[in-house]
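Because the structure is a prediction, the values reported are computed rather than measured.
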Amino acid sequence: MNFTRWSARLPGTQRRAAARTETPVPPDRRGEGSVPAARAEQPADGTPPVPAVDELPARDVLDRVPALVALVHGPDHRIGYVNDAYTAAFGVRPMGAPAREALPELAELGLLPLLDQVLRSGKPRTLKSRKAVDGRSYTFTCTPVAEDGDRDGGGAVLVFATDVTDHAEAAERLRASERRQRETAVTLQRSLLPQELEQPDDLRIAATYQPGGTEAAVGGDWYDVITLGGGRTALVIGDVMGRGVRAAAVMGQLRTAVRAYARLDLPPHEVLQLLDGLATEIDANQIATCVYAVHDPNEGRLVYASAGHLPILVRDENGMVSRADEPTGPPLGTGGWMHSSGSIALGPGSTAVLYTDGLVERRDEDLDEGIAALEGALAGATGTPQVICDRLVRSAGVTADHDDDVAVLVLQHPARTGPDGDLFRNAALELLGGVEAAPRARAFASGVLTSWRFPTELHDLGVLAASELVANSLQHGTPPMRLRLRRTDRRLIVEVTDGDDHLPRRRRAEPADESGRGIAIVATIASNWGSRRTPGGGKAVWCEFVLPKSKH
C-alpha cells in the first residue's frame, strides 16, 4: 500500500487540494484574509524549513499517534497496516490475513458487520465507547478509503480507535450515582406511602403506585386512606411537582400533615386551606396538587376539595361514568386562594377512581384525551378494586419504563343484599320536644338494638351511650336534633346531631358538679368517640363500639 498516495484520498484531502489548485489567490490579495496553502517556507532567521502537511509521510504520522489505527482492504478486510499503538494494545497482527481471523478483538466488538456497511455505503460509521478485550474502552470510527491500485476492487477501510476509558468510567460512575440516588428516592417514596391501606367498613379500597422508569427520577405521587370514625372515611391523592429525593421528602411531610388535619374532622376545603399554608412554609418554590375527599355512608355522596388536581371519576351502578370537575382551586403552595368543597354521588354499587397525571398525561396527546380514555376504561372495568386498578394501569399503557410516576386509588361502595345486607343497618329518630325527648330516645335505642339481636352487654352500653349523647345535646345544643344508630359488620355507631356548632370536649368533673360527666362516660365505655361540625351549621357527636368477632 502506497501511504503517500493513500493519504491523498483521506476525506477532505481532495477538497483542500482542489481549493489550492482551482482557485489561485493573486499575490496582491494574499494579505486580505486568505489562508495560503500549507508549504515549506524559509524562516528569516535561517532555521531549517518546516515541512508542509502534504510532505509528511503517512506511515510516520500514524505510527506516532496515540490512537489505534488499522487499515483493512477487500471484502475479507485483510490487514494492510496496524500502527504501533494498535500493536501495543492487542499484539502483533499478521499482514494480509483476514480480519475475522487476525483481528478477533474487532470481531468480539461486532465491528466486522460495520466494516461491511462502510464498504457498501462508502460512508464512515462510528461505534461509541465499546469495551475491548484489553479492558480499555474505545470509540471506533471506520472510514472508507478509495484506492486506485486495489487488485480486488473491494476498497479499503481505515479503523481509527480513540481510547475513551476515562470518559467511560466517569460516565459509569455517574450512572451508578444516579441509580443509587434513584433507589434511595424510590425507597423513601415507598416507605412514606401506606404500607397497608386502612379498610373501612362500608368501602372496599385498593391502590397502586409505580415509579417512573430507570431513565426518570422518582416523583412525589402519594395516596392515603384515613378512617375518621363514625363510619366516615377520608381519601387523599396528590402529586408534588419535581423529581428525586426532595420531591419525595416534601410528599412525606404533606402526607403526614394531611393525616393530622384529618383527625380534626374538618371539611375538605378547610383541610386544603391548611395544607396550602404548610406547603408554602415547607418550600415556597415547591407546589403540589391534591384531592381530599370524605365519604359518609349515611349521605351516599363523596364530598371533596381539589387543589389543581385531576377530576375524580365515578362509575355508578348502571355503568355511567361522570367527572367531579368543580370546584377546583390552584395547586398547594400558591397561597391566597379560598378553596371550596363540592360533592358527587357515590351510592351502593358505585366505583370511584382517584389518580395522578402519570396515568393520563402523554407528550403527544391532549390531557382531556387521556382522561376520556380513562373514562372509557373505567366504564368497562369490573371486579375487585385491585383488579380495576390493574386494568386501568394496563389500559393506559403504563409499563416499567414509563416516564412518570403513577398512583391510582380505587374505591367501591358495594351494593349489599341478603345476609350481607343484614349486617349493615340504619335507624334514625328526630328528637322533638323538650326533656321528654330523652326517654323516647332511650326507648328507641333499646328497641332498635334488640331487633338487631345484639348481646345484652352491648345492648346496654349502646342505650347508655345514646342516652348520654342525647342528654348532652338537649342541654347544650339547639334544634333540629336527631339520633342515628348504625351497624356494620364490625361496629355499632351512635350519633347525635343538633344545630349548635360548639364542639364538646372531655373534661374532668369535680365531685360537686351536677353536669360535665356525659362525654367522660361515653369516652370510657365506647371504643372511640369524636365530634365534628356539619356543613349546614351545627355539629355531630358520635361514638362507636367494636362488635364481638362472633357477630362478623
Side-chain angles (χ1 to χ4, degrees), residues 200 202 224-236 257-278 290-307 324 327 329 332 337-346 426 428-432 437 441 465-466 468-486 491 493-507 515-516 518-520 522-523 526-544:
D202 295 273
D224 209 348
V225 178
I226 309 166
T227 52
L228 301 176
R232 301 166 74 247
T233 306
L235 305 125
V236 193
V258 169
R259 294 192 71 87
Y261 295 147
R263 299 306 175 192
L264 302 176
D265 217 338
L266 300 171
H269 66 276
E270 292 189 25
V271 172
L272 289 192
Q273 209 71 49
L274 293 171
L275 276 179
D276 185 36
L278 179 64
C290 180
V291 167
Y292 181 87
V294 175
H295 176 256
D296 188 336
N298 296 313
E299 304 296 334
R301 301 190 70 78
L302 199 62
V303 180
Y304 67 91
S306 174
L332 303 175
W337 182 267
M338 294 300 296
H339 292 274
S340 57
S341 295
S343 67
I344 187 169
L346 188 73
N426 283 283
L429 174 67
E430 299 294 332
L431 299 175
L432 305 175
E468 292 296 337
L469 292 181
V470 168
N472 185 77
S473 183
L474 290 172
Q475 183 174 358
H476 301 288
T478 59
M481 302 179 185
R482 171 187 283 189
L483 168 65
R484 175 182 282 143
L485 301 176
R486 175 173 174 76
R491 69 198 80 233
I493 301 168
V494 182
E495 181 181 81
V496 175
T497 59
D498 64 54
D500 185 85
D501 64 358
H502 180 73
L503 299 180
R505 60 185 179 88
R506 183 180 181 181
R507 63 184 179 89
S515 63
I519 295 298
V522 171
S527 305
N528 194 14
W529 81 280
S531 61
R532 70 179 186 279
R533 291 185 173 88
T534 52
K539 66 177 178 295
V541 185
W542 56 269
C543 67
E544 60 186 30

4.5 Å side-chain heavy-atom contact, Leu275 and Val258
yes
Minimum-distance pair of heavy atoms, taken over all atoms of Asp202 and Gly231:
OD2-O, 4.2 Å
Just do the side chain to side chain contact (heavy atoms under 4.5 Å, CB included) check on Leu474 and Met481 with the steps written out, would you?
CA-CA 8 Å; Leu474 290 172; Met481 302 179 185; 3.7 Å; yes
Inter-residue atom distance Arg259.CZ - Ile226.CD1, 0.5 Å rounding:
4.5 Å
Does the side chain of Val494 come within less than 4.5 Å of Leu483's, by heavy atoms?
yes
Compare every heavy atom of Glu468 with every heavy atom of Gly518, then report the nearest pair and how far apart it is.
CA-OE1, 3.3 Å
Quick one: OG1 on Thr227 to CD on Glu544, what's the gap to the nearest 0.5 Å?
8.0 Å
Measure the CG-CG distance between Leu228 and Leu264 for me, rounded to the nearest 0.5 Å.
10.5 Å
Tightest non-hydrogen contact, residues Pro504 and Asn472, listed as CB-ND2, 4.3 Å
Minimum side-chain heavy-atom gap His476-Asp500 below 4.5 Å
no
State whether the number of non-hydrogen atoms from other residues, nucleotides or ligands found under 6.0 Å of Arg482 atom CZ is greater than 12.
no
May I ask you to decide if Trp337's main-chain N or O and Gln273's side chain share a donor-acceptor pair within less than 3.5 Å?
yes
Looking at Leu332 and Cys290, what are the two nearest heavy atoms and their distance?
CD1-CB, 3.8 Å
Is any NZ, NE, NH1 or NH2 atom of the basic residue among Asp498 and Lys539 found under 4.0 Å from an Asp or Glu carboxylate oxygen of the other?
yes
Take Cys543 and Leu469 through the side chain to side chain contact (heavy atoms under 4.5 Å, CB included) test and state the conclusion after the steps.
CA-CA 9 Å; Cys543 67; Leu469 292 181; 4.1 Å; yes
Shortest non-hydrogen contact from Pro268 to Val303?
CG-O, 3.6 Å
Could you tell me the separation between the CG atom of Leu235 and the NE2 atom of His295, rounded to the nearest 0.5 Å?
8.5 Å
Arg532 and Trp542, any side-chain heavy atoms less than 4.5 Å apart:
yes
Quick check against the 3.5 Å criterion: does Arg486 have a side-chain atom that pairs as donor or acceptor with the backbone of Ile493?
no
What one should report as the nearest heavy-atom pair of Arg301 and Ser343 is NE-OG, 3.2 Å
Distance check, rounded to the nearest 0.5 Å: Tyr292 atom OH versus Leu274 atom CG?
10.5 Å
Rounded distance (nearest 0.5 Å) linking atom CD of Glu495 with atom CG of Asn298:
6.5 Å
Are the side chains of Arg505 and Ile519 in touch, meaning some heavy atoms are under 4.5 Å apart?
no
Salt-bridge contact Arg232-Glu299 (side-chain N to carboxylate O under 4.0 Å):
no
